[in-house]
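Accompanying notes for the structure given below.
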Amino acid sequence: MASVKLKNVYKKYESAHGGVMAVNDFNLDIDDKEFLILVGPSGCGKTTTLRMVAGLEEITAGEIYIGDKLINDVQPKDRDIAMVFQNYALYPHMTVFDNMAFGLKLRKTPKHEIKKKVYEAARILEIEHLLDRKPKALSGGQRQRVALGRAIVREPKVFLMDEPLSNLDAKLRVQMRVEITRLHQKLKTTIIYVTHDQTEAMTMGTRIVVMKDGFIQQVDSPQVLYEKPVNVFVGGFIGSPPMNFVKTRVRKDEKGVFLIFGEAEGSVLQSRAQAAEQKLVKPTMIYLPPERASKIEELGYIDKEVIMGIRPENIKDDPRFFQQFPDAVVEGVVDVREALGAETLLYLKISDVDFTARVDPSHKFKPDDEVKMVFDPTRLHIFDAKTEKVLPV
Amino acid sequence: MQSYQDLVHEVMEIVEDEIGVVDPDGTVLACSDSGKVGSNLPDTILKEILKNADKTVTVNGITFCKVYSGRKIIVLTYIYSVSETAEKLLNLFSISVLNYYQFCLSRLDRSSFFRSIIMENLSEHEIINRARELRIPVEMRRIVFHISVPGADDSACLSVLKNMFPDRSNSSVFIVNSSNYILVHSLKSTSKHRHVTDIAYMIKDNVSSELMADTRVAIGTESVSLTDLKKSYQNAVMADITGRIFEGKEKIADYNKLGIGRLIYKLPEESCRIFLEEVFPGETYKTFDEEMFKTIEGLFECNFNISKTAEMLFVHRNSVIYRIQKIQKITGLDVRNFNDAVIFKIAMLVSKYLSYIDKQKKVD
């Protein structure tokens, strides 16, 4: 087992116009036995990063270490890693045992060792009773476990997984998420896992790297990423339903500092009709708690534009919050109501801006109902409108 | 290379009687009267021969000889004569047929046959004859995959591929040259192209993980007959090259989805250079930064909708507008205008193509 270190790693794909930088100055220390997730939208460089660790992609600059060993020039097959991909294929004419043993046979591993390794992997995966079966006789989940078994028998220092669950149906994906997490606990090995699915990232990883355009945006535990996103992108990418964002202006009056949106002044109006309509919109104001108010004032944001972010569960309809934060009460209209059983999602129009709120299912809101909600001011995320970075308030 | 018909032609010079080769189902594979090739022996005669335990059987004035490989009858030989000499001649002919069959087995198994179709200039006649001898259906939906696995051990790679597609009657895998492999795969009549793409991804992922080697797969066109299999291979090779030029990062190249790269690849080099100089005099495009290229690609993907592009790129709408204006300042092309956008896109692809040509020239 081993740690992995990427130091100032770059990947540039050459082209006529000089190339496209797929990964930019990537620096990361992955601890031994860590379950690290690389997550981000398509084209953000997460798979390229994984492939560079595997050696399947040459690095343009930088250094990659496995343990203490610099592996830049080490052949992929000699890096002591195993990869699990999305489109695994089991050999149809071979038994589960032979499927798992195949890679070892190619490497000329002695027979007794192959047997030992296959039985051990089968025990870990709880598929010992399936060793004599052919792939046709296996369920989807069992096949996936055999595919994992083929990687496990190699006993690599590091497992690299590139969206291994993407091809599975929703139910099996949830099941396999748990299986892989359990496997990590059993194997106690380093896993680097790539996914574009933030739910997978949040539920499986001990640490998550959020990437965009080849740059690391934030590296932290799932909870910290969720609660303290460093920028608008991370805030919007992590969490489902995503964080609500609205451009607001910071104002100050005798009551304190507040964020306002839906005011006609300063809005970009594109037509007379829209302007006329806009005038009818009642602005929404949310007063900040004193401590946050003074910080934002200190930073010189009064009268400046900022982006306000709020998670759906922090738009409250609980009476306690109305009492606690009377200056953060907002009025809106229910657009759509989605009852999910354990919770209800309300799609609201507040000052003509769309918001999603996650509320208790006992509330029986209907479309077109006028509702009052509270934006929990202690849970607001405030970002600079230009840099989109979070403000330390 | 010989065929049963060639053998018959050679024997015809010394034997006056009609002589021929019939498969165990009764179809005439070769005959000194070439008009009979493809015709069928009457069922009653065939049954009588096969029922008889003797190696040599005489029916209706014809002497038949069963040619065995192990315990299996591979073909029947016959001579239109009944005499001791005729039987001797038929036995000698049968030995030649068996030798030829064994030669085929060693040199002309299915893979070698497919290899010959793809790599050699076999005539349509030769393809059909050999297919008949090897009992390979001529008319069938097939697709050629070109697989590149640089740096991997050839035998290990072949072993992985052959085990992925173990059904020899539907798939054939062989090596073209070091690092390049071909899979000829039969398709069911109901298979959709999506299935073909799935196979390509499966090959890429499986070979990569088994051998820890970078793997590229190019998909050729579907062929409905063995006689156009070579074309499918050529198209797979073209897909591989154009994929490398225009979509370098992608590991799967599909001939059916080469887009405009297909056209540019066929343009004369000189015309390309003149066109590029006309659009970007003095190679102005080389001053673009990455953000600008991403913006242009995003605009195309989002049908030139600036808001959607901004959303996709996770940037502000104004940033997209600023970048568009910058491009216009440098090139004079306003990519919000459809005509300019098309010219810009083609010019960028042409520049990629010329860059590939220049690289190739350096290698040569």
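Reminder, nothing fancy here: chain letters follow the sequence lines and each chain counts from 1.
- No side-chain heavy atom of R79(A) sits less than 4.5 Å from a side-chain heavy atom of M212(B).
- Looking only at distances, a side-chain donor or acceptor of D205(B) sits under 3.5 Å from a matching main-chain atom of N87(A).
- Side-chain N/O atoms of Y91(A) and N206(B) include a donor and acceptor closer than 3.5 Å.
- Only the side chain of K247(A) comes within contact range of chain B, with heavy atoms under 4.5 Å apart.
- The structure places NZ of K249(B) at 7.5 Å from OG1 of T47(A), a figure rounded to the nearest 0.5 Å.
- Of the listed residues (M83(A), K386(A), M94(A), Q75(A)), the one with the most heavy-atom contacts under 4.5 Å to chain B is M83(A).
- Note that the OH atom of Y88(A) and the CE atom of M202(B) stand 11.0 Å from one another [nearest 0.5 Å].
- Interface remark: T48(A) contributes side-chain atoms only to the contact with chain B (heavy atom separation under 4.5 Å).
- For the pair R51(A) and D214(B), the salt-bridge criterion is met [side-chain N within less than 4.0 Å of a carboxylate O].
- Of the inter-residue distances, the one linking E210(B) atom CD with R150(A) atom CZ reads 4.5 Å to the nearest 0.5 angstrom.
- To the nearest 0.5 angstrom, H93(A) atom NE2 is 4.0 Å from N163(B) atom CG.
- The candidate from P166(B), A156(B), A152(B) with the greatest count of non-hydrogen atom pairs under 4.5 Å with chain A is P166(B).
- F102(A) has its side chain within reach of V160(B): a pair of non-hydrogen atoms, C-beta onward, lies under 4.5 Å apart.
- In this structure, no portion of D162(A) lies under 4.5 Å from any heavy atom of chain B.
- Using a 4.5 Å cut-off between heavy atoms, K251(B) touches chain A through its side chain atoms alone.
- Heavy atoms closer than 4.5 Å to chain A are found in the backbone of A213(B), but not in its side chain.
- In this structure F304(B) satisfies the ring pair (Phe, Tyr, Trp, His ring centres under 6.0 Å) test together with F300(B), sequence neighbours excluded.
- Contacts between I245(B) and chain A at a heavy-atom distance below 4.5 Å are absent for every atom of the residue.
- One distance of note links CZ of R154(A) with OG of S209(B); it measures 6.0 Å at 0.5 Å rounding.
- Contact of K77(A) with chain B is made through backbone and side chain together, with heavy-atom distances under 4.5 Å.
- Applying side-chain contact (heavy atoms from CB on, under 4.5 Å) to L106(A) and the options S159(B), S155(B), C157(B) leaves one that passes, S159(B).
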